[in-house]
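Just so it is clear, the model here is predicted, and its values are computed rather than measured. Chain A is the first sequence line, chain B the second, and so forth, proteins listed ahead of strands; every chain is numbered from 1.
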Amino acid sequence: MAELKLRAVKKMFGATTVLQDISVEFAGGTVTSIVGDNGAGKSTLCKTIAGVYHPDKGEIELGDLKLTHLGPHETREAGIEMIYQDLALAKQHDVISNLYFGREKTRFGFLDQKAMTENAQAVLETMGTKLPSLTKPVGLLSGGQQQAVAIARALLFSPRVLIMDEPTAALAAREIEHTLDLIKRLKERGLIVILISHRLNDVFAVSDRIIVLRSGMIVADKSVHETSMQEVVAQIMSA
Amino acid sequence: MFAKRALLFLCLFAGLMINVGAQAANRCVFVLPSLANPYWQTVKLGIEDAAKENEIEATVLSVVNDQAKEEFVNLCQTAISQNPDILVVCTTADSITLRCLHEAQNHHIKVGLLDTVISDAAIKKAGIKLSFSVGTDNVKLGEKAAQFVVSQNKLATPKILILEGVIGNTCNACRVSGFKQELTKKLPKAKIVNSVSAEWDRLKALNITADTLNRTPDLNFVFAANDTMALGAVEAIRLAKKNNQVMVVGVDGIADARKAITAGRLTASVAQFPYLIGKRSIELAKECLHGQCSQKDEKTPLLVLTKNVLESHRDPLLKYVR
Amino acid sequence: MFAKEFLRDINKTSLLQCIVFLLAMCLFFALNSSAFISPINLCNILTASSVIGLMAVGATFVIASGCIDLAAASIMALSSVTCAWAAQNLHYDGLALVGIAVATGALCGLTSGFLINFTKAPSFIITLGMLSISRALAFILTGGIPIYGLEERVTKIAEMQWFGLSLPALIMLGGMLVGYLLLTRTRFGAHSLLLGDSQAASEAMGLRVPLLRLAIFVLAGCFSGLAGFIFMARTNSGDPSAGMNYELTVITAVVLGGANLFGGRATIFGTLAGVLCLGVLQNGLNLMAISTFYQTLFIGIVLILASLLRRFGPNNG
């Protein structure tokens, strides 16, 4: 099964080291949560995997493919999807444009609006997502609906890796439940799921493994059965 | 290292300053509107030729956009800071000219006007003593155009379109009012079907003429306050296939207009003599520097260019047509 | 094939208000001037709008992508100059001249696009610089004197007519059609709009933003070049001072047609409607022989009325 490997990844912003010497492997069919205080480097780590940032040192590999120097376009092609905290949606565009953002279907070089609409409806149905309208600007949908669109977009092309940055932060209780269910189903399908979250309840509800980051370093990496909420909190907080 | 360089720079700078201060007498600085215009380029040519002849050192400064009034003030201040013997300005905005001239006078610089329309009263009120003034009489220019139209007219009630330049421009206002006054005097029955600004713009003139032809298919004359607009009107008339019906009169006598007149496209253009304006301004400046300031408002001649005039080569003024 | 998307555009932007407004103006002018509604006059409006219209197609893409192109009119002037120069000195005609004009425009657009990518400065600043540079180049190439009096076969281009429409008008409509297909039917158009909607999202979703922006500015440059060609053919000259301040007219037309000045929302139908609004207004005022003072007043009132209308209808954006 495909494995995502990071070897001695280092990332600097100017003179500040944000990630130092991160070496970690992610296996398919597992949910790994990355927790840590603000500024610990969680988002940077994920964006480095997604190709938004490039590591200053170290290697990233997915199976046999080297990702180290690839941009978001190529990493998406390779099957890595990230759901950003701000969702990265085009708010004035309708649902379909957003679902196919950057991967529009074409026929003879022209957009195939019909195929995209049909496919989008099918995918949203299998996900159990209900949206009021596919032609409404996404900005007019509710927060939960917007997130559903972002998730649907990430799953549309059957990715191998799914990275979620704070997926539950802005949701109501029922929507959280729904998202966590979804994460479990994705894990069963053999995806590598990486989850960034502040909400430890959610983390313990779905994760197989918890990684604690502090000041750009991994301070703990344990199976969820070997640790407890108190321990994780202590690891996050301890100076 | 840095100190050494700074010192070197300072020395150079000081040398430059001394050099500026020690320059020969009889320096004349001109502040002209945009040189991106054949008319002002010809004025400049006249200035440079005459300056060489009369051994006067002439510097010509120009604004990039002649509608930018603030830019004119800045340039005028630059000119004053060069401390010339005489400062000659042209501007379309009266109040701004006066402010600049007044400041120059305070610096004991003689001032002249070039192709600027300002009332005597306004000059007196501002406390300015002009050394000389030279330029085109734009009212008379409009009158000449009207006289030409009258001389060509065979109809009882000819229909006329007037293409004005940018509103607020003094030259434009003088030309148009001169044309209208003379026309009502000589041909009271003439009908001005539209008098509208094409903003000196070729394409706008073309579109307005096309629209007017559409509304008034029996149009007889177009008077355009400059040649660029006249040439735009000519194209509209050509496209409407009414070359034989509509006569176009422009103003300036620029090279393109003369080409169009010889080719039979444009009927006439009332030529001004920018070259002469430039030449005379230097000559007047020289006289003034030798103690004989004319203080008069000299008007350069005008000439109606038609196919006949251009092809007969007889008029002595033609040699100043550039 | 247009009907469905036309309806969609009406839903998405304030296109409907623009069209209502356009029709109201037409009605007003038709009641006030008998010459207005004649077929010849309507064709005249299209012809008179051709230069602005072509530039507006390019500007639609630029504005859709969240940029502003202030250099369009200067590039148009420069293209008219190079094109007239080629006609006069190289004796090119027809398509070769179009090629020269479009190539000039494309080169200028390429420079703008490259500089925006390279400096990461706002397009406003870079294109403002390009406005000066291309205008200056036009002046330098001609020495400030327009190239005038082109050969018969060049000026004939503006006289050609098909189905009662002049060639400039047809080229403008053709340009609109090409723009329409590009904007609504290709990934390039879709990506332009997405980029204007959210640059951050576009980058995250793997759009090649610098390349895309470069292409958009090259396209806009091509349309400005084509406009320069039309300008040359219509006025029989390559004029370095051509189209002073037209860039603002172009932007006005695009925004009047319901485009979002900050990107993400723009349609070619809207741009066409906006261009026609301005064309009809100018034509109508000329036909009514309204003096320039009042023309200026009218244009201001119309712009504000059009903006007021946007507050009503399906889209309040």
Cut-off 4.5 Å, heavy atoms of chain B, and the answer for C:Phe36 is neither
Measuring heavy-atom distances to chain B, does C:Ser38 have an atom under 4.5 Å in its side chain, in its backbone, in both, or in neither? side chain
Distance check, rounded to the nearest 0.5 Å: C:Leu287 atom CG versus B:Asn214 atom CG? 6.0 Å
Applying a strict 4.5 Å limit to non-hydrogen atoms, the region of B:Thr228 in contact with chain C is side chain
Using a cut-off of under 4.5 Å for heavy-atom pairs, which of C:Ile40, C:Leu285, C:Asp239 has the most such pairs with chain B? C:Asp239
Can you check whether B:Gln41 reaches C:Ile145 side chain to side chain, under 4.5 Å on heavy atoms? yes
Selection from C:Pro240, C:Ser241, C:Ser237 maximising heavy-atom pairs under 4.5 Å formed with chain B: C:Ser237
Within the distance-only criterion (no hydrogens, no angle test), does the side chain of C:Asn236 pair as donor or acceptor with the backbone N or O of B:Glu235 below 3.5 angstrom? no
When heavy-atom pairs shorter than 4.5 Å are enumerated against chain B, which of C:Ala48, C:Ala35, C:Ser34 gives the highest number? C:Ala48
Is chain B contacted by the side chain of C:Asn44, its backbone, both, or neither, given a heavy-atom distance below 4.5 Å? side chain
Quick one about C:Ser33 and B:Arg215 (side-chain donor to acceptor, distance below 3.5 Å, no hydrogens or angles considered), yes or no? no
Among the options B:Asn207, B:Asp211, B:Leu206, pick out the one with the most heavy-atom pairs lying under 4.5 Å from chain C. B:Asp211
B:Val196 versus chain C, heavy atoms under 4.5 Å apart: side chain, backbone, both or neither? both
Mind checking the CZ-CZ spacing from B:Arg238 to C:Arg234? Nearest 0.5 Å is all I need. 10.5 Å
Evaluate C:Thr47 against B:Leu239 for side-chain contact (heavy atoms from CB on, under 4.5 Å), listing each step before the verdict. CA-CA 11 Å; C:Thr47 312; B:Leu239 289 173; over 6 Å; no
Can you tell me which portion of C:Ile45 sits under 4.5 Å from chain B's heavy atoms? Options are side chain, backbone, both or neither. neither
Spacing of C:Gln295 atom CD and B:Ile208 atom CD1 [to the nearest 0.5 Å]: 6.5 Å
With a 4.5 angstrom heavy-atom cut-off, could you sort out which part of C:Pro146 is near chain B: side chain, backbone, both or neither? both
How far does OG1 of C:Thr235 sit from CG of B:Leu203, to the nearest 0.5 angstrom? 7.0 Å
In Å, rounded to the nearest 0.5 Å, how long is the span from CZ of B:Arg265 to OH of C:Tyr148? 5.0 Å
